[in-house]
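A quick write-up on the structure given underneath.
Hydrogens, waters and symmetry mates play no part in the numbers below; they use all other heavy atoms, side chains included. As the structure lists them, so they are numbered: ligands from 1, and atoms in each ligand from 1.
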Amino acid sequence: MEKLYVIKIGGNIIDDDQKLVAFLKDFAAVKGLKVLVHGGGKLVTKMASQLGIEQQMIDGRRITDAETLKIVTMVYAGLINKNIVAQLQGNGCNALGLCGADGNTIQSHKRGSNSPLGVGGIDYGFVGDVDTVNTSLLQSLLAQQIAIVLAPITHDLNGLLLNTNADTIAQETAKALSTIYNVELIYSFEKAGVLLDINDDTSVISSLTPIYYQELKEQHRIFAGMIPKLDNAFAAINNGVSKVIIGKAEQLQELISGNSGTAIINV
Ligand SMILES: Nc1ncnc2c1ncn2[C@@H]1O[C@H](COP(=O)(O)OP(=O)(O)O)[C@@H](O)[C@H]1O
Ligand SMILES: CC(=O)N[C@@H](CCC(=O)OP(=O)(O)O)C(=O)O
């Protein structure tokens, strides 16, 4: 099977112009087939606050009301996605930016308050849980050496756009494409990997098993956004993705060559 990289870029990198420029230069230089998944939650929170629309996150998921849905669509599927595509073009990498509605790339359904993910009867609003990824469309684009840039906006095939967590988009896309390619999933962000001590970038855990993950969660060494990220990482490694690495965006090449970051282990 041909190798494919699915690479997720973290919100703190998107928010930092210099780090983003450097990351996109490195991404453009990655040889072979590649998909880039981005979020940009920080910018949405900033813009919403400027507009006086209060934001609420529960377990790393944004409660998305009708006004917030407009903002996330403009910011993720518009500004951030097109800026990334333009910068990749500037680095000699032909790229195509898509949200889930474009080409029916990612279909989802609105998360119901009584679904397993709507724990505690929470209404997440316009948040979508992924049903299908259009692998044949992605395959035909990848075959033309086009890098795909995915924004975390999906649709329900009934005309409704939905907000979906970007770590989940990366996991679902990697999983779906693993039926066609040998997929490596890389979660890149501002830290050197999953850390034993969040304030010490040298305390990288080189490999993480499900048992060790539980232990570190109970000790509160792993918390906040790292929990949904790791749940996605384990879901990917348990469902056909050959390698999952979490590490520093500035070290993309080392993450690819396996010399850096945290490897997620399926046992
Ligand atoms: N053990 C840990 N190691 C590294 N980061 C951790 C850990 N526990 C919690 N975190 C937090 O998780 C965050 C990453 O989650 P999140 O912000 O959702 O990711 P992203 O930057 O990809 O959007 C880190 O910025 C850090 O604050
Ligand atoms: C439903 C939901 O939570 N969607 C996320 C999508 C963006 C995202 O995941 O961005 P980061 O990767 O930068 O965190 C949100 O709006 O924050």
Side-chain angles (χ1 to χ4, degrees), residues 7-16 19-20 23 36-48 53 55-65 67-77 79-81 84 99-100 106 108 110-111 117-118 122-130 150-154 161-172 185-206 208 212-213 215-233 245-250 261-262 264:
I7 299 171
K8 154 82 196 315
I9 176 179
N12 287 317
I13 306 298
I14 287 182
D15 222 34
D16 180 323
K19 282 188 180 171
L20 181 62
F23 173 86
L36 177 60
V37 180
H38 67 83
K42 289 198 144 195
L43 184 55
V44 163
T45 302
K46 210 184 315 176
M47 298 209 74
I53 301 164
Q55 299 293 287
Q56 198 191 347
M57 307 287 295
I58 295 181
D59 294 334
R61 265 64 174 173
R62 188 181 305 273
I63 305 283
T64 306
D65 63 12
E67 286 308 303
T68 300
L69 181 64
K70 290 180 194 167
I71 300 172
V72 294
T73 304
M74 289 188 274
V75 172
Y76 302 150
L79 181 62
I80 293 178
N81 189 271
I84 288 175
C99 85
I106 305 177
S108 66
K110 189 168 182 284
R111 181 178 295 187
L117 288 164
I122 297 160
D123 181 3
Y124 282 85
F126 296 101
V127 164
D129 290 323
V130 173
L150 291 177
I153 297 292
T154 54
L161 291 169
L162 293 163
N163 183 13
T164 300
N165 176 270
D167 287 345
T168 305
I169 296 276
Q171 182 252 123
E172 293 282 0
L185 171 61
I186 296 172
Y187 284 108
S188 73
F189 70 137
E190 81 280 9
K191 298 203 183 293
V194 183
L195 304 174
L196 208 47
D197 171 359
I198 193 176
N199 297 312
D200 179 2
D201 231 18
T202 65
S203 69
V204 178
I205 297 158
S206 57
L208 189 62
Y212 196 22
Y213 172 38
E215 231 173 81
L216 293 173
K217 240 190 332 189
E218 281 160 23
Q219 296 168 5
H220 306 288
R221 288 176 184 271
I222 291 176
F223 53 90
M226 188 48 73
I227 293 177
K229 194 183 296 299
L230 282 169
D231 289 342
N232 277 302
I245 306 283
I246 299 179
K248 210 175 191 66
E250 286 100 318
T262 302
I264 303 304

Determine the minimum heavy-atom distance between Glu250 and Phe189, stating which atoms define it. OE1-O, 4.5 Å
So which of Asp65, Thr68, Thr45 actually passes side chain to side chain donor-acceptor pair (under 3.5 Å) with Gln55? Thr68
Determine if the distance from atom 14 (O) of ligand 2 to the closest protein heavy atom is below 4.0 Å. no
Do me a favour and list the nearest non-hydrogen protein atom to atom 5 (N) of ligand 1 with residue, atom name and distance? Met226 CE, 3.6 Å
Can you list the ligand 2 atoms lying under 4.0 Å from a non-hydrogen atom of Arg61? 3 (O)
One thing to verify: whether Lys248 and Glu190 come together as a salt bridge, which I'm taking to mean a side-chain N less than 4.0 angstrom from a carboxylate O. no
A side-chain contact here means heavy atoms from C-beta on lying under 4.5 Å apart; do Asn163 and Thr73 qualify? no
Measuring from the heavy atoms of Gly193, does anything fall under 4.0 Å of ligand 1? yes
Test your reading of the structure: does Pro152 have an N or O sitting under 3.5 Å from an N or O of ligand 2? no
What is the nearest protein non-hydrogen atom to atom 8 (N) of ligand 1, stated with its residue, atom name and distance? Phe223 N, 3.3 Å
Short N/O distance, under 3.5 Å, between Tyr76 and ligand 2? yes
Nearest heavy-atom approach of Leu69 to Val72 is O-CG2, 3.2 Å
Proximity winner for atom 10 (O) of ligand 2, if only heavy atoms of Gly11, Gly40, Gly10 are counted: Gly40
Inspect the contact between Asp197 and Arg221 and indicate whether a charged nitrogen and a carboxylate oxygen are less than 4.0 angstrom apart. no
Looking only at protein heavy atoms, what sits closest to atom 5 (C) of ligand 2 is Asn163 OD1, 3.7 Å
Side chains of Thr168 and Arg61: is there a donor and an acceptor less than 3.5 Å apart? yes
Could you check whether any side-chain heavy atom of Lys191 comes within less than 4.5 Å of a side-chain heavy atom of Met226, counting everything from C-beta outward? no
Once you restrict to heavy atoms under 4.0 Å, what part of Arg221 touches ligand 1? Side chain, backbone, both or neither. backbone
Just let me know how Ile198 lines up against ligand 1, side chain, backbone, both or neither, with a heavy-atom cut-off below 4.0 Å. side chain
Find all atoms of ligand 1 within a distance of less than 4.0 Å from any non-hydrogen atom belonging to Gly10, and give their numbers and elements. 20 (P), 21 (O), 22 (O)
Identify the protein heavy atom lying closest to atom 3 (O) of ligand 2, giving its residue, its atom name and the separation to 0.1 Å. Arg62 N, 2.8 Å
Heavy-atom check, side chain of Phe23 versus side chain of Leu36, under 4.5 Å: yes
Testing the basics here: between Arg62 and Val127, what is the closest heavy-atom pair and its distance to 0.1 Å? O-CG2, 3.3 Å
From the options His38, Lys217, Lys229, Glu190, select the one whose nearest heavy atom is closest to atom 24 (C) of ligand 1. Glu190
Asp231 and Tyr213: CA distance, side-chain angles, deciding distance, side-chain hydrogen bond (donor to acceptor under 3.5 Å, both in side chains) verdict: CA-CA 10 Å; Asp231 289 342; Tyr213 172 38; 2.9 Å; yes
Residues Thr154, Thr164; criterion side-chain hydrogen bond (donor to acceptor under 3.5 Å, both in side chains); working and verdict: CA-CA 7 Å; Thr154 54; Thr164 300; 2.9 Å; yes
Could you establish whether Tyr124 and ligand 2 come within less than 4.0 Å of each other, counting only heavy atoms on the residue side? no
To the nearest 0.1 Å, how far is atom 21 (O) of ligand 1 from its closest protein heavy atom, and which atom is that? Gly11 N, 3.3 Å
Tell me: protein heavy atom nearest atom 18 (O) of ligand 1, and distance? Gly225 CA, 3.5 Å
For Phe126, does its backbone N or O pair with a side-chain atom of Arg111 as donor and acceptor, under 3.5 Å? no
Atom 9 (O) of ligand 2: nearest protein contact (heavy atom, Å): Ala166 N, 2.9 Å
Less than 3.5 Å between some nitrogen or oxygen of Lys8 and one of ligand 1, yes or no? yes
Can Lys8 be said to touch ligand 2, with heavy atoms closer than 4.0 Å? yes
Within the structure, is a non-hydrogen atom of Thr164 found at a distance of less than 4.0 Å from ligand 2? yes
Protein residue, atom and distance nearest to atom 3 (N) of ligand 1, heavy-atom basis: Leu195 N, 3.0 Å
